Amino acid sequence: MADVDRFNRLPPAEAERELLACCAAPTWAEAVAAGRPYPDRAGLLATADAALRRLTWSDVSLAISAHPRIGERPAGGDRESAWSRREQSGVAADADTITALKRANLDYERRFDHVFLVFATGKSQAEILDALRHRLDNDPETEQRVVQEELRKIALLRLERLVTDPTAPLSTHVLDLERGRPAAGVAVRLERGAETLAKGRTDDDGRLRDWVPADGWAAGDYRLVFDVGGYLDGGTFFPEITVGFRVAAPDQHHHVPLLLNRHGYTTYRGS
């Protein structure tokens, strides 16, 4: 379970990476990460809210560029893509509404030169389309204020999820046997069939945990794919290591470590 204590303990660079999934404005992520440690969730959210209200339009523009068009749900395995899919879960529409959303999105982008941003959680497809059409009548200054408020609501919801959302009971730990130390910064992704469920990087202790959303975690066959070539600068016989494993009891914790050097690797089921 991700929580405020865990967030407080993250290395600064990792904390900022997690915050950027909530709002892709580096100045905001830096400010919130720098405010740690937080005594509780309310303190964290209050600091985050104040920092969001201080964003310049340049910051906001950078942040909204990371958001997909409404109605176009991203397929990536990163946390931000998973949140976008959840937030737009009510936007699945019939063919006529999909066409209308596409046309209205293009009209909006021609008028304001950025994507339409709306706090979509809990809204129906009809409500979102109505809001899009209504906001086309705004002047640019008014619309900038509306966009910043929508971004603020999205970011605070995502931040609250970051410190409360359940995660799948899956972790890994990469040890560099050649150097005799944890392997930090190894890119790892979790796959099931043709779908990428999650992506992450090992922390300074070589560990990766609380990174897989609980949504979709079930019994079945999975693959952990480790980018060893990226970690060892290409100087390895196995540039990419794939560890396939089968989950029979999804309620139990699964720990799949990797012990590696340039010419081989070992894995096992840990605890």
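Just so you know, these numbers come straight off a predicted model, no measurement behind them. No hydrogens, no waters, no symmetry mates; every other heavy atom, side chains included, goes into these values.
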Worksheet item: Which is it for L44 and V163 under the side chain to side chain contact (heavy atoms under 4.5 Å, CB included) test, yes or no, and what are the steps along the way?
Response: CA-CA 10 Å; L44 169 61; V163 294; 3.8 Å; yes
Should the heavy atoms of other residues, nucleotides or ligands under 6.0 Å from [atom1] of [X] be counted, would the total exceed 12?
X    : atom1 : answer
D113 : CG    : no
R110 : CZ    : yes
R262 : CZ    : yes
F237 : CZ    : no

Do L151 and V146 sit in one hydrophobic cluster, given that two such residues count as connected whenever their side-chain heavy atoms are within less than 4.5 Å of each other, even indirectly?
no
Return the [atom1] to [atom2] distance between [X] and [Y], rounded to the nearest 0.5 Å.
X    : Y    : atom1 : atom2 : value
D59  : I64  : CG    : CD1   : 11.5 Å
N105 : R103 : CG    : CZ    : 12.5 Å
Q125 : L129 : CD    : CG    : 9.0 Å
D210 : E18  : CG    : CD    : 8.5 Å
T47  : L52  : OG1   : CG    : 11.0 Å
I128 : L101 : CD1   : CG    : 7.5 Å

Okay, side chain of [X], backbone of [Y]: is any donor-acceptor separation there less than 3.5 Å?
X    : Y    : answer
R36  : A33  : yes
E14  : D204 : no
E191 : V225 : no
R54  : D49  : no
H255 : Y268 : no
T236 : L232 : no
T167 : W211 : no
T202 : R207 : no
S65  : L62  : yes
W28  : C23  : no

Would you check if [X] and [Y] make a side-chain contact, meaning some heavy-atom pair closer than 4.5 Å?
X    : Y    : answer
R209 : T172 : no
V174 : L260 : yes
L132 : V118 : no
N138 : R135 : yes
Q144 : V60  : no
V115 : Y108 : no
E160 : R158 : no
D40  : V4   : no

If you apply the rule salt bridge (Lys or Arg N to Asp or Glu O under 4.0 Å), what do you find for R145 with E141, and how did you get there?
CA-CA 7 Å; R145 290 196 297 270; E141 184 177 346; 3.6 Å; yes
Checklist entry - Taking the six-membered ring of F226, is the NZ or CZ of R201 close enough (under 6.0 Å from the centre) and on axis enough (within 45°)? => result no
Could you tell me whether D176 and R181 make a salt bridge, using a distance below 4.0 angstrom between a side-chain N and a carboxylate O? no
Shortest non-hydrogen contact from [X] to [Y]?
X    : Y    : answer
Y222 : R192 : OH-NH1, 3.2 Å
P37  : N8   : CA-OD1, 3.4 Å
F238 : G264 : CE1-CA, 3.8 Å
D139 : R111 : CA-NH2, 3.8 Å
A31  : Y38  : O-OH, 4.4 Å
L208 : G200 : CD2-C, 4.0 Å

Could you walk me through whether Q148 and E150 pass the side chain to side chain contact (heavy atoms under 4.5 Å, CB included) check?
-> CA-CA 5 Å; Q148 184 155 1; E150 296 299 293; over 6 Å; no
Q) What do the steps show when you test V147 against W57 for side chain to side chain contact (heavy atoms under 4.5 Å, CB included), and what is the final call? A) CA-CA 10 Å; V147 169; W57 178 246; 4.0 Å; yes
Practice prompt. Could you walk me through whether E178 and N261 pass the side chain to side chain donor-acceptor pair (under 3.5 Å) test, one step at a time?
Written response: CA-CA 5 Å; E178 185 172 323; N261 58 44; 6.0 Å; no
- [ ] Using the side chain to side chain contact (heavy atoms under 4.5 Å, CB included) rule, take L259 and T267 through it: C-alpha gap first, then chi angles, then the decisive distance, then the call.
- [x] CA-CA 6 Å; L259 287 68; T267 186; over 6 Å; no
